[in-house]
Chemist: 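Handing you this structure, nothing more for now.
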Amino acid sequence: HVQLVESGGGSVQVGGSLRLSCAASSRSYSNYCMAWFRQAPGKEREGVATIDNTGSTTYTDSVKGRFTISKDNANNTLYLQMDSLKPEDSALYYCAAEPILVCALVAGVGGFGFWGQGTQVTVS
């Protein structure tokens with residue numbers, strides 16, 4: 001079991017940066033696939049980035065080169081560094097977790113069993 005709490009959202013101007021954090025409560029945090037999702041009004045929730053217990057990462061094409069997912073195992077915290085922000089990045093951002101060693105085996109939104117409450121990011 002893992003409890004997730006996001007923070008770091010807010011309003012930022014176009015081209016600016018923001019770092020989101022997700023605090024996890026699990027002792028076995030490093031054995032989870034961790035991910036960031038986002039959902040804008042009227043749109044489906046989409047995967048943004050993932051990181052697994054080996055440190056392997058994936059990104060959706062629209063954020064490659066601009067966003068960086070990372071985690072601090074000592075503090076059980078997941079991060080999403082967002083640079084060169086665009087208006088289309090505006091959304092409610094969620095962190096998610098699944099107790100699986102390989103993120104590639106997780107099937108999208110439905111494959112993640114644990115979710116945070118979300119943090120709003122507005123780029124204008």
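One-based numbering along the sequence shown.
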Chemist: Can you get from Val5 to Phe112 by hopping between Ile, Leu, Val, Met, Phe, Trp and Tyr side chains that sit under 4.5 Å apart?
Modeler: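 Different hydrophobic clusters.
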Chemist: Measuring only between side-chain heavy atoms, which start at C-beta, is Ile51 closer than 4.5 Å to Ser56?
Modeler: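 Heavy-atom side-chain distance check fails, nothing below 4.5 Å.
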Chemist: Can you tell me how far the OG atom of Ser17 sits from the CG atom of Asp83, to the nearest 0.5 Å?
Modeler: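 One gets 3.5 Å once the value is rounded to the nearest 0.5 Å.
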Chemist: How many angstroms lie between atom CG of Asn53 and atom CE of Met34, to the nearest 0.5 angstrom?
Modeler: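 Asn53 atom CG to Met34 atom CE measures 12.0 Å (nearest 0.5 Å).
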Chemist: Identify the heavy atoms of Ala40 and Ser90 that sit nearest to each other, and give their distance.
Modeler: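 That would be CB-O, 3.8 Å.
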Chemist: Do the side chain of Ser25 and the main chain of Gln3 share a donor and acceptor less than 3.5 angstrom apart?
Modeler: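 Yes.
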Chemist: In Å, rounded to the nearest 0.5 Å, how long is the span from CH2 of Trp115 to SG of Cys22?
Modeler: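 Interatomic distance, Trp115 CH2 to Cys22 SG, rounded to 0.5 Å: 11.0 Å.
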Chemist: Do Leu20 and Thr119 come within less than 4.5 Å of each other through their side chains, counting heavy atoms only?
Modeler: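 Yes, at least one pair of side-chain atoms sits under 4.5 Å.
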Chemist: With distance as the sole test, does Asp72 use its side chain to make a donor-acceptor pair with the main-chain N or O of Ala74 at under 3.5 Å?
Modeler: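 Present.
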Chemist: Please determine whether the number of non-hydrogen atoms from other residues, nucleotides or ligands lying under 6.0 Å from atom CD of Gln120 exceeds 12.
Modeler: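 Correct, the count exceeds 12.
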Chemist: Is there a side-chain contact between Val109 and Phe37, using heavy atoms and a 4.5 Å cut-off?
Modeler: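 Val109 reaches Phe37 side chain to side chain.
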Chemist: In plain terms, say whether Asp61 and Lys64 are close enough for a salt bridge, that is, a side-chain N and a carboxylate O under 4.0 Å apart.
Modeler: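 Judged by the 4.0 Å cut-off on N to carboxylate O distance, Asp61 and Lys64 do form a salt bridge.
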Chemist: May I have the step-by-step check of side chain to side chain contact (heavy atoms under 4.5 Å, CB included) for Val14 and Leu85, ending in yes or no?
Modeler: CA-CA 6 Å; Val14 175; Leu85 285 163; over 6 Å; no
Chemist: Given the ring of Tyr94, does Arg38 sit roughly above its face, with NZ or CZ under 6.0 Å from the centre of the six-membered ring and within 45° of the axis?
Modeler: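 The answer is no, since Arg38 fails at least one limit relative to Tyr94.
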Chemist: Contact between Glu46 and Trp36 at the side-chain level, heavy atoms closer than 4.5 Å - yes or no?
Modeler: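 Side-chain contact under 4.5 Å: no.
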Chemist: Could you tell me whether the side chain of Val123 reaches within less than 4.5 Å of the side chain of Met82, counting heavy atoms only?
Modeler: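 Not touching, per the 4.5 Å side-chain cut-off.
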Chemist: For Thr50 and Thr58, what are the C-alpha separation, side-chain angles and deciding distance, and is it a side-chain hydrogen bond (donor to acceptor under 3.5 Å, both in side chains)?
Modeler: CA-CA 5 Å; Thr50 67; Thr58 69; 2.5 Å; yes
Chemist: Strictly distance-based, threshold 3.5 Å: is any side-chain N or O of Glu6 a donor or acceptor partner for the main-chain N or O of Cys95?
Modeler: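 Yes; judged by distance alone, with no hydrogens or angles, the pair exists.
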Chemist: Do Phe67 and Asp89 have side chains that get closer than 4.5 Å, going by heavy atoms?
Modeler: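 Yes, at least one pair of side-chain atoms sits under 4.5 Å.
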Chemist: Might you confirm whether atom CD of Glu88 has over 12 heavy atoms from other residues, nucleotides or ligands at distances under 6.0 Å?
Modeler: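 Counting other residues, nucleotides and ligands, CD of Glu88 exceeds 12 neighbours.
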Chemist: Between Ser21 and Tyr79 (side chain of the first, backbone of the second, donor and acceptor by atom type, cut-off under 3.5 Å), is there such a pair?
Modeler: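 Not at all, since once roles are kept as given, no pair shorter than 3.5 Å links the two residues.
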Chemist: Taking the side chain as everything from C-beta on, heavy atoms only, tell me whether Tyr59 gets closer than 4.5 Å to Ile69.
Modeler: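 Contact flag for Tyr59/Ile69 side chains = yes.
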Chemist: With heavy-atom distances below 4.5 Å as the criterion, would you say the side chains of Ile100 and Tyr32 are in contact?
Modeler: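 Not in contact.
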Chemist: With rounding to the nearest 0.5 angstrom, report the CD to CG distance, Glu98 to Asn31.
Modeler: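 Taking CD in Glu98 and CG in Asn31, the distance rounds to 12.5 Å.
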Chemist: Between Thr54 and Asp52, is a side-chain hydrogen bond (donor to acceptor under 3.5 Å, both in side chains) present by the stated rule, with each step listed?
Modeler: CA-CA 5 Å; Thr54 71; Asp52 64 22; 2.6 Å; yes
Chemist: Is the side chain of Gln39 donor-acceptor paired with the backbone N or O of Glu44 at a distance under 3.5 Å, no angle test?
Modeler: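 No: the side chain of Gln39 does not pair with the backbone of Glu44.
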